[in-house]
Q: 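Pasting in a structure now, in structure tokens, and then I'll have a few things to ask.
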Amino acid sequence: MASYDFTSVEKKWQNKWAKDNTFAAKQDYTLPKFYALVEFPYPSGDGLHVGHPRSYTALDAVARKKRLEGFNVLYPMGWDAFGLPTENFAMQHHIHPEIVTERNVARFKSQLQSIGLSFDWNREVNTTDPDYYRWTQWIFLQLYKHGLAYKKEMNVNYCTGCKVVLANEEVVNGFCERCGSQVIHKTKSQWMLKITAYADRLIDDLKDVDFIERVKTQQINWIGRSYGAEINFTSTQGDTITVFTTRCDTLFGATYMVLSPEHALVSQWLEKGVLKNAEEVREYQIAAAKKSDLERTELSKEKTGVCLDGVAAVNPGTGKEIPIYISDYVLATYGTGAIMAVPGHDTRDWEFAKKFGLPIIEVVKGGNVEEEAFTDCETGTLVNSGFLNGKTVEEAKEAMLEWLSSEGKGRKQVNFKLRDWVFSRQRYWGEPIPMVYCEKCGWQPLPEEELPLRLPEITDFEPGEGGESPLSRHEEWVNTTCPCCGGPAKRETDTMPQWAGSSWYFLRYMDPHNNEAIASPEALAYWGPVDWYNGGMEHTTLHLLYSRFWHKFLYDIGVVPYKEPYKKRTSHGMILGLNPRSFVNMSKEDQDRLVAEHGSVEAAKKALVEKYGEMAEHPVVKMSKSLKNVVNPDDIIRDYGADTLRLYEMFIGDFEQAAPWSTNSIRGCKRFLERIWSLQDMLVDGDTYRPELEASFHRAIKKVGSDIDTLKANTAIATMMALVNDIVKTGAINRAEYHTLLMLLNPFVPHITEELNERCGLSGELAYETWPVYDEAKCVDSSVEMPVQINGKLRGRITVPTDSDNETVLALAKQDEKVAAALEGKTLVKEIVVKNKLVNLVVKG
RNA sequence: GCGGAUAUGGUGGAAUUGGCAGACACGUUGGUCUUAGGAACCAAUGGGAAACCGUGCAGGUUCGAGUCCUGUUAUCCGCACCA
């Protein structure tokens with residue numbers, strides 16, 4: 001037997017697959033189809049990370065198995081290549097982003113190919129390719145034409161690090177999702193996409209798709225739908241102040257109002273001079289505007305506010321006058337930017353009322369409003385509320401809504417946390433927004449025939465001082481003619497965010513070279529929707545939400561024939577690395593040195609925490625360049641081979657959970673493959689499974705098949721390891737057995753299995769074979785070993801023919817030496833037999 | 001604060017629907033082979049001398065609980081003044 005030279009074996013098969021187009025999706029639309037999708041990567045300068053292959057290999061196994069089961073499989077790959085890191089790199093090194101992108105893509109591609117993933121490379125897409133972004137721009141124009149894209153002066157999130165505007169989804173706790181810099185507010189004129197118009201459907205249609213629960217709940221929470229009412233209060237100045245509330249039943253308990261500091265009425269009153277404490281109010285407004293999101297949350301514990309002196313409101317329920325405050329705990333961007341405060345039944349209002357000495361009225365009985373706000377909607381009964389008295393909260397809400405609408409004082413209303421999508425970025429490396437501004441005609445869309453609107457060739461990518469796009473400096477590009485009147489006009493200089501190109505890329509794979517449309521109607525109808533989409537949880541409220549929104553829009557305008565883009569969505573856990581700053585991961589010498597230095601292990605650990613922060617307490621952390629714990633898949637492929645890398649990534653643990661990388665454990669996978677390789681020495685003739693292995697094989701086929709379908713590759717592999725252990729014990733493997741074993745392994749380790757299959761002449765190429773079938777009836781052995789328990793404690797074991805009746809089993813059980821001894825002198829109370837599983841005898845005395 | 005998830009040997013992790021806890025690996029120990037290092041292979045490996053005890057902790061249901069119920073703790077994730 002030749003030794004297992006994985007490098008040449010893997011190269012050989014990769015070349016053959018490329019040459020034969022083995023994994024190309026077929027153009028035949030009559031075949032049953034399966035579309036497997038993984039998120040296309042951002043081709044960063046760092047190259048592939050060991051995290052990438054985890055997701056890619058898992059779906060590769062699914063795709064390979066589906067092909068073997070006769071499906072026409074589409075498993076494509078491409079590049080989400082617009083984005084800031086490339087642009088920043090280009091700026092630092094004075095290389096055009098296009099060249100940087102090209103280089104990074106080439107590197108990523110060769111890395112991916114060295115893993116032996118069965119992508120259909122004929123369908124590769126790249127979001128920075130003008131033939132691609134032409135259609136991204138086209139979709140934008142359709143959005144514009146349908147009133148879903150608009151330009152608006154907005155208070156936006158601005159990243160101080162990236163010098164760019166961010167979408168709400170890109171801000172995490174007041175910091176930039178990408179670079180971690182602080183986010184501040186700026187007023188800017190921005191293109192916006194009306195994702196809010198789809199808020200209801202983005203929630204409701206989740207019931208028709210098979211997404212893992214946490215993805216669904218995260219999307220639902222992000223969209224944040226709440227049902228309630230808008231109620232009109234009147235001010236002593238005669239204005240109408242509309243509030244949104246989910247608890248209209250508590251109207252009689254509203255003892256004051258709060259407006260957000262940015263509320264339009266506040267400025268109006270200031271201008272009219274009706275406020276006696278105008279100075280104080282202005283100061284509060286300025287202070288609130290200055291606060292970043294971060295400060296606003298940090299300071300959330302202690303409530304602040306100013307009472308508007310000179311104006312009051314009338315509670316439409318009680319008819320009583322109540323004071324109006326401004327406070328930054330009321331958000332300008334949610335609801336109407338104004339609330340009725342019901343301190344008895346809202347925790348925030350209660351805190352505010354306590355601080356400012358405002359009256360607290362109980363209108364729902366059931367708690368003690370002097371102690372804390374009573375917010376329970378299930379148990380209380382309305383009191384002090386006129387016509388609502390005696391009703392439950394639910395009944396009171398209904399009655400109040402009826403009363404409000406009949407009196408014209410309010411109406412039912414649904415509100416969302418979701419905001420429209422800020423779609424402009426002041427950067428070069430993105431799709432130009434195909435809009436033109438004309439003094440006479442206003443904003444005009446570029447005619448579709450003029451797409452793609454290409455990026456101009458420039459060399460200065462730095463964003464402008466005032467946060468304007470670098471494109472704005474290039475007059476020859478900016479100055480154009482108005483598509484409407486033909487007069488002089490200027491192009492929009494902002495570009496689209498990175499999420500634009502990825503919002504529809506899965507459609508382009510269906511027909512990537514189409515020059516007439518994003519894809520042909522036939523291709524869209526046949527391939528879509530994506531049958532299985534796997535990707536990171538970090539994209540749940542970004543890419544996943546955005547692409548569902550675009551897709552629904554494309555459905556509405558008749559471009560795609562189905563409402564949801566993805567039938568099924570799963571998510572992989574991260575691959576973590578060892579934390580070199582954690583005490584337990586340090587070398588013995590370093591540990592000893594630290595202990596000597598600080599006196600004890602505890603003190604040494606404490607010192608590490610002081611030095612590096614809490615992170616030092618975690619033995620496993622995200623891989624990062626600064627910690628130097630990043631594992632490069634190239635090294636693993638060089639030292640162990642692609643099949644070992646694939647197998648290890650699948651064996652590492654539950655696919656959905658984060659898992660620490662362990663270079664030790666990878667050897668076990670290598671060993672297993674060596675074992676598979678050396679099985680060829682035991683090869684004997686035989687075209688059926690030998691009787692002693694028959695049940696093991698049928699069970700393995702069943703288990704491996706279902707495990708691939710449910711992403712439980714770790715147990716599939718364990719099953720095959722156990723099967724190999726069983727085979728080795730017999731000292732031989734016959735041709736039928738070897739063939740089945742190689743088939744089962746093929747989706748995980750395609751190179752070594754093809755090679756062995758060829759060397760032993762077992763069949764033609766495995767890639768064109770049929771997935772093995774099992775027979776349920778043959779999954780069971782002829783006899784089973786059953787444990788015998790007495791009072792639930794294991795006392796003996798018996799071997800009986802499978803499916804023996806209870807009498808036989810009990811008789812045998814009682815004959816067992818240990819069991820008989822344990823029964824001695826006791827009274828048998830109950831006998832329990834679980835067929836083929838266990839015997840339990842309950843005794844007394 | 002609210003919501004969700006998780007907790008099993010020295011480690012990663014298994015365990016149909018309540019039915020032999022620790023599959024499969026890693027590591028460790030011993031052995032074989034080797035000039036050596038390594039690799040490979042074989043054996044043992046939850047704790048305990050044993051009776052027994054063992055799935056974060058405390059209860060409960062059951063003939064039987066890692067699994068179900070009640071309470072509790074820790075960790076992780078999401079949301080976070082959303083009226």
Side-chain angles (χ1 to χ4, degrees), chain A residues 172-173 213-215 217-222 224-226 228-229 243-248 250 254 258 260 293 296-297 299-301 303 327-331 333-342 345-349 351-352 375 415-419 537-538 540-541 573 584 617-620 647-648 651-654 656-672 674-675 678 703 706 712 714-725 785-797 829-843:
Chain A
V172 181
N173 296 330
E213 272 318 303
R214 54 194 177 128
V215 167
T217 42
Q218 245 181 71
Q219 291 211 345
I220 291 168
N221 290 343
W222 183 261
R225 176 164 61 190
S226 42
V243 301
F244 174 71
T245 177
T246 52
R247 292 293 305 276
C248 62
T250 61
V258 186
S260 74
D293 279 359
R296 245 171 122 135
T297 30
L299 297 171
S300 69
K301 290 175 187 103
K303 292 210 168 16
S327 171
D328 64 6
Y329 87 89
V330 173
L331 307 174
T333 49
Y334 184 77
T336 61
I339 62 156
M340 64 176 204
V342 185
H345 307 284
D346 181 285
T347 317
R348 295 149 302 181
D349 298 344
E351 281 168 22
F352 192 88
T375 55
N415 259 331
F416 299 91
K417 284 198 246 178
L418 185 71
R419 301 270 72 92
M537 280 309 289
E538 70 276 17
T540 303
T541 51
V584 294
E617 293 184 78
H618 299 280
V620 249
L647 192 68
Y648 174 62
F651 190 55
I652 194 167
D654 188 311
E656 291 201 5
Q657 303 293 127
W661 182 268
S662 154
T663 308
N664 272 333
S665 306
I666 204 169
R667 292 206 193 98
C669 292
K670 177 73 189 309
R671 241 172 251 165
F672 175 63
E674 297 273 7
R675 236 168 160 211
S678 57
K703 176 79 175 145
S706 69
K712 301 248 176 282
N714 53 336
T715 48
I717 292 164
T719 303
M720 292 187 282
M721 285 173 167
L723 178 63
V724 170
N725 291 344
E785 194 190 58
M786 290 171 72
V788 182
Q789 298 179 337
I790 291 174
N791 289 349
K793 299 231 160 114
L794 185 67
R795 283 290 178 265
R797 292 169 187 286
V829 185
K830 201 170 178 184
E831 297 169 333
I832 294 144
V833 180
V834 184
K835 206 170 207 178
N836 298 332
K837 275 272 158 76
L838 113 172
V839 181
N840 189 16
L841 304 173
V842 186
V843 298

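All heavy atoms count here, side chains included; hydrogens, waters and symmetry mates do not.
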Q: Answer with base, sugar-phosphate or nothing: what part of the nucleic acid does A:R795 contact at a heavy-atom distance below 4.0 Å?
A: sugar-phosphate
Q: When the C1' atoms of B:G19 and B:U34 are compared, how many Å lie between them, rounded to an integer?
A: 49 Å
Q: Over all strands shown, is A:T217 touching base, sugar-phosphate only, or nothing at heavy-atom distances under 4.0 angstrom?
A: nothing
Q: Please state how far atom CG in A:D654 lies from atom C1' in B:A5, giving the value in whole angstrom units.
A: 12 Å
Q: To the side chain of A:S665, which of B:C26, B:G19, B:A83 is closest?
A: B:C26
Q: Determine whether any donor atom in the side chain of A:K303 lies under 3.5 Å from an acceptor atom in the base of B:C81, or the reverse, and answer yes or no.
A: yes
Q: What is the ring orientation for A:Y334 with A:F244, classed by angle as parallel under 30°, tilted 30 to 60°, or perpendicular over 60°?
A: perpendicular
Q: Given a 3.5 Å cut-off on both pairing distances, which stems involving RNA chain B, each at least three consecutive Watson-Crick or G-U pairs, are present, if any?
A: B:1-7 with B:73-79, B:10-12 with B:24-26, B:27-32 with B:40-45, B:56-60 with B:68-72
Q: Confirm from the modelled atom types if A:N840 and B:C63 form a donor-acceptor pair under 3.5 Å, side chain to base only.
A: yes
Q: Would you tell me if any nitrogen or oxygen in the side chain of A:R214 comes within less than 4.0 Å of OP1 or OP2 on B:G3?
A: no
Q: With syn defined as a glycosidic angle within 90° of 0 and anti as the rest, where does B:G9 land?
A: syn
Q: Look only at the side chain of A:Y648 and the backbone of A:S662, and say whether a donor-acceptor pair between them is shorter than 3.5 Å.
A: yes
Q: Mind checking side chain to side chain donor-acceptor pair (under 3.5 Å) for A:T541 and listing every partner two or more places apart, or none if nothing turns up?
A: none
Q: Reading RNA chain B from 5' onward, which residue's closest nucleotide shows up sooner: A:S662 or A:V834?
A: A:V834
Q: Look at the side chain of A:I339 and decide which nucleotide, out of B:C79, B:A83, B:A15, has an atom nearest to it.
A: B:A83
Q: With sugar-phosphate meaning primed atoms plus P, OP1 and OP2, does A:I652 contact a base, only sugar-phosphate, or nothing at under 4.0 Å between heavy atoms?
A: sugar-phosphate
Q: Pick the closest RNA chain B nucleotide for A:E785 and for A:K417 by heavy atoms, then say which residue is nearer the 5' end.
A: A:E785
Q: Using the test side chain to side chain contact (heavy atoms under 4.5 Å, CB included), find all partners of A:T333 that sit at least two apart in sequence or belong to another chain.
A: A:L331, A:R419
Q: By the 4.0 Å heavy-atom rule, please label A:N714 as base, sugar-phosphate, or nothing.
A: sugar-phosphate
